[in-house]
Asker: 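There's a structure below that I have some questions on.
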Amino acid sequence: MSESRYIPCIGLEVHVQLKTESKMFCSCAVSFGEEPNALTCPTCLGLPGALPVLNAGAIERTILTGQLLGCETPPVVKWDRKNYFYPDMPKNYQISQFDLPLCLGGGVPLYELAYPKDHQKSIENPGKEVELTRIHLEEDVAKSTHHSNYTTIDFNRAGTPLMEIVSEPDIDSAEEAVAYLNSLRQILVYSGVSDADMEKGQMRCDVNISVRPSDEKELGTKIELKNLNSVSAVRRSIQYEIGRQIEELEAGRPLTQATWRWNDEIGQTELMRTKEDAHDYRYFPDPDLLPVKTGEMLARVQQDLPELPHEKVARFENEFGITHYDASVLAAEQLLANYYETAAAGAKSAKKVANWVINNLLAELNERDLEIGECPVEAAKIGALVDLVESGQISNNQAKEVFSDLFENPDQSPADIAKAKGFEPADSGEVEGFIDEAIAANPGPAGEVAEGNDKAANFLTGQVMKLSRGKANPKQVTELILKKLRG
Ligand code: ZN
Ligand code: MN
């Protein structure tokens, strides 16, 4: 049976560690790679009688996220206890938000470049926005490490502010789920809310997934996949699970609501627990924490909203006259976007600078395994280098040589490197001579140029470049040839 007879319905719950100095309910530092249990106090250890104090910075970052994603923030929010026992949470409840979360509604726009590379040419719903249910704020638990016959526990992570972003079951495919995560991550990193690095566990994802026959309205039985920790695991597990669920239904075996886990090594999902042993969390308002009025903070956040990736793309297109695709590549990462803006500022051709950054700089960084933030060459020097080409000081090929040198000697200026290499424009009298020589030696092509053939002009330019040993500026040469032969 074909899979198109079934419609998948996917919702994601994403936990994001906020980038704050201190923890959610105490003043312990948030930091990675410290000695285990070095960053703890009675509150984040969950000792009896220790009281929580709210972290205003975490609340503000969550409100900011909501504003960037078009959510509503209720005038009053509150904190609730989510009760369950687990060794990584010794007070036996997690402080979370139940019925009055910080953000409601909103959506995540799916950027084209956020889809998997192999899928960007076949996006089903360009411009789609995935609807959100809510965003709430809670605390992270400690981290257990299981050894051969014992377990150790590190409370450094316990009490780290966690933002939980819950989507509607509005995602139709594994590829849309990937785009959702990448787009979300881009916005979180852009706004400085989180580093959202899945590999570091700063962003963790649970997937709810069901399929239903295309002629049925009601959603199918929901399966939850827990704790996916990479974008590729999210994609592969969803693809696998859609196939598995359709196979079960086709074989006449109804599904039961349950929690499954993804086994990345064998590439299959495995049953974790069924609904019978699901938790009843018995939420109730935390008596240690007062509700919070959000109005003042909301007003402050609204005054100073950062530019979102898609807004930056539009601005780059307008301001610099570059294509939508180039603008999207440059705006995909904030640091790259900043680099380009600095390079293009005051340059003769912002468009050429964009080409240079995308085609040459990114390739060079990739080859050297460097991030844009580690680029040894200052942005302004790329602008200056492209200007040398634009003003006819050096040729494009010479600029490439200067560019490689610049990586080795980033303190030097492109103009100095060009000079040291003897890349000076051939003097104009000399170039005129070469042009006359080329025309005399190639009367056929010269005649064609006069009749309007541009290819023949390129041919003659090539001849002049040879005669000048690459010193002449090809753009100027072509112009001079056309002037001579067409008047
Ligand atoms: Zn603490
Ligand atoms: Mn949660």
Side-chain angles (χ1 to χ4, degrees), residues 11-18 20-32 34-59 61-62 65-66 77-86 88-104 132-144 153-167 181 184 188 193-194 196 198 201-208 224-229 259 261 272 278-284 286 288-289:
L12 300 190
E13 288 172 25
V14 177
H15 283 93
V16 177
Q17 273 179 1
L18 292 178
T20 52
E21 304 262 306
S22 58
K23 293 187 181 180
M24 187 63 228
F25 299 113
C26 62
S27 59
C28 292
V30 172
S31 175
F32 304 97
E34 306 289 329
E35 265 303 282
N37 299 307
L39 309 172
T40 57
C41 72
T43 298
C44 58
L45 286 171
L47 300 187
L51 289 173
V53 178
L54 283 167
N55 180 337
I59 298 174
R61 281 169 179 81
T62 306
T65 305
V77 303
K78 70 178 180 62
W79 270 261
D80 301 278
R81 291 186 179 181
K82 181 181 181 180
N83 297 281
Y84 64 99
F85 171 78
Y86 206 72
D88 59 16
M89 200 186 58
K91 66 184 187 301
N92 295 341
Y93 59 85
Q94 178 190 32
I95 305 178
S96 182
Q97 298 190 285
F98 185 52
D99 53 338
L100 277 176
L102 273 161
C103 310
L104 292 165
L132 292 179
T133 314
R134 58 185 275 154
I135 305 175
H136 64 257
L137 187 55
E138 57 191 28
E139 54 178 338
D140 208 346
V141 295
K143 190 177 166 55
S144 322
I153 189 158
D154 177 8
F155 280 84
N156 286 352
R157 195 181 74 179
T160 299
L162 261 197
M163 189 167 68
E164 182 171 336
I165 303 169
V166 183
S167 87
L181 286 174
L184 184 59
L188 296 171
V193 161
S194 171
M198 283 191 95
Q202 294 164 342
M203 180 157 150
R204 311 194 283 268
C205 180
D206 300 337
V207 177
N208 289 304
E224 188 180 19
L225 298 176
K226 273 278 180 207
N227 270 328
L228 293 153
N229 52 17
T259 301
R261 73 162 75 80
M272 240 171 107
H279 297 292
D280 174 1
Y281 294 118
R282 294 165 195 270
Y283 281 98
F284 66 85
D286 192 307
D288 294 335
L289 290 163

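Order of listing sets the numbers, starting from 1, for every ligand and every atom in it.
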Asker: Do Y93 and R282 have side chains that get closer than 4.5 Å, going by heavy atoms?
Answerer: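 No, their side chains stay 4.5 Å or more apart.
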
Asker: State, yes or no, whether a side-chain contact exists between H136 and F98 at a heavy-atom distance under 4.5 Å.
Answerer: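 No, side chains not in contact.
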
Asker: So, using salt bridge (charged side-chain N to carboxylate O under 4.0 Å, His left out) as the criterion, who are the partners of E224 when residues are at least two apart?
Answerer: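 Checked E224 against salt bridge (charged side-chain N to carboxylate O under 4.0 Å, His left out); matches are K226.
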
Asker: Taking the basic N atoms (NZ, or NE/NH1/NH2) and the acidic carboxylate oxygens, is any pair closer than 4.0 Å for K23 and D140?
Answerer: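 Salt bridge between K23 and D140, a charged N being under 4.0 Å from a carboxylate O: no.
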
Asker: Hey, could you give me the CD/CD1 distance between E139 and I95, rounded to the nearest 0.5 Å?
Answerer: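 Rounded to the nearest 0.5 Å, the CD-CD1 separation comes out at 4.5 Å.
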
Asker: Got a sec, which residues hit salt bridge (charged side-chain N to carboxylate O under 4.0 Å, His left out) with K82, two or more places apart in sequence or on another chain?
Answerer: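 Checked K82 against salt bridge (charged side-chain N to carboxylate O under 4.0 Å, His left out); zero matches.
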
Asker: Could you walk me through whether F284 and N83 pass the side-chain contact (heavy atoms from CB on, under 4.5 Å) test, one step at a time?
Answerer: CA-CA 9 Å; F284 66 85; N83 297 281; 3.6 Å; yes

Asker: Within less than 2.8 Å, report the number of protein N/O/S atoms around the Mn ion (ligand 2).
Answerer: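 N, O or S atoms of the protein closer than 2.8 Å: 3.
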
Asker: No waters, cut-off 2.8 Å: how many protein N, O or S atoms are close to the Zn ion (ligand 1)?
Answerer: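 Considering protein N, O and S only, the Zn ion (ligand 1) has 4 within range.
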
Asker: Measure the shortest side-chain to side-chain distance between R134 and E164 over non-hydrogen atoms and say whether it is less than 4.5 angstrom.
Answerer: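 Side chain of R134 against side chain of E164, heavy atoms only: no contact under 4.5 Å found.
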
Asker: Looking at side-chain heavy atoms only, is the closest gap between S96 and D80 below 4.5 Å?
Answerer: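 No; the side chains remain at least 4.5 Å from each other.
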
